[in-house]
Amino acid sequence: MSFPQTRMRRLRATASLRGLVRETELSAERFVLPLFVSETATAREPIATMPGVERLPIAAAVEEAREAAALGIAAVMLFGVPAEKDDRGSGAWDDDGVVQLATAAIKRALPDLLVITDVCLCEYTDHGHCGVLREDGAVDNDASVELLARTAVSQARAGADVVAPSDMMDGRVREIRTELDGEGLADVPILAYSAKFASAFYGPFRDAAGSTPSFGDRRAYQLDPANGEEAVREALLDVREGADMVMVKPALSYGDVIAAVKRETRLPVAAYNVSGEYAMVKAAASAGYLDERTTVLELLTSLRRAGADTIVTYHAKDAARWLAGGA
Ligand SMILES: [Zn+2]
């Protein structure tokens with residue numbers, strides 16, 4: 001049967017009909033709100049390239065977490081901005097490091113809110129790379145993996161509900177799983193940034209976290225944006241190494257990768273709607289070029305439609321408010 005018997009517009013005629021047949025739901029319990037926790041900030045510090053996002057002292061991070069929980073958001077993801085950096089990134093696995101202390105403080109205040117911790121060295125290294133360097137300046141994979149596992153254990157001991165390695169070193173998921181299990185932390189899941197692309201869209205984040213590499217770039221370990229098949233292969237390797245969830249990052253230009261990773265892994269898939277994607281929407285909205293609310297809800301829905309179970313987004317609080325019917 002086709003036109004005129006078939007008329008696709010029949011089921012679009014009213015809001016009730018559209019609601020009845022809607023394929024994709026968006027809800028706050030799918031959202032993860034990223035927070036930048038600063039060891040040096042004494043008050044909230046606005047981030048110029050990310051309007052509405054701030055670097056937070058620990059007490060303010062607890063307040064943000066409380067607000068997120070009240071809006072029905074499932075989780076916060078913590079990134080550390082340490083006072084001191086060194087060539088090994090030792091602040092990352094310091095049991096009294098800023099992420100460890102913030103994790104403990106948030107879990108004490110809000111035991112039911114999930115705390116996911118970013119496992120990487122780039123916020124803690126003075127050179128800004130995601131691992132330790134060899135003599136020749138290249139990132140030493142195997143030496144870095146050991147330090148990443150140490151970081152994950154320290155964060156899990158501090159109370160992290162999920163650890164999320166974002167470094168893109170080979171073999172880090174296996175090493176983290178082995179170390180967590182060996183330390184009696186077998187119940188802590190790993191959310192692996194499996195398909196993290198070397199993207200221009202991370203620019204504002206690097207301002208926020210102070211993690212711009214002092215030389216070179218990250219193309220020697222992050223994925224080439226041209227490679228979707230390789231992204232699936234990365235995800236499948238992380239599954240074999242013990243990942244419980246996998247992530248695709250960035251999100252908006254990578255719907256095909258999200259769909260392929262979901263189809264091939266059958267694992268819960270997270271999409272990271274990154275800082276540059278957020279900044280573009282905020283800039284266009286403040287210029288009056290786009291309506292922020294409908295734009296954001298459409299973008300986040302498109303990630304769910306592509307196959308993302310979980311969405312990490314700086315829009316989380318606004319979107320949760322809008323979904324609850326607020327202004
Ligand atoms: Zn990193």
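We count residues from 1, following the sequence as given. All ligand and atom numbering here is 1-based and tracks the order in the structure.
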Salt bridge (Lys or Arg N to Asp or Glu O under 4.0 Å) contacts in which one or both residues fall within residues 199-223, not counting sequence neighbours: Asp217-Arg219
Using a cut-off of 2.8 Å, find all protein N, O or S atoms closer to the Zn ion (ligand 1) than that distance. Cys120 SG, Cys122 SG, Cys130 SG
Residue list, side-chain contact (heavy atoms from CB on, under 4.5 Å) with Arg88, at least two apart or on another chain: Asp86, Trp93, Val132, Leu147, Arg150
Which distance, rounded to the nearest 0.5 Å, do you find between the CG of Leu303 and the CD of Glu277? 7.5 Å
For the backbone of Ala308 and the side chain of Arg304, can you confirm whether one donor and one acceptor N or O come within less than 3.5 Å of each other? yes
Residues at least two apart in sequence or cross-chain that pass side-chain contact (heavy atoms from CB on, under 4.5 Å) with Ala316, listed by chain then number, are Phe31, Leu33, Ile73, Thr313
Indicate the ring-plane relationship of Tyr272 and Tyr314, choosing parallel, tilted or perpendicular according to the 30° and 60° boundaries. tilted
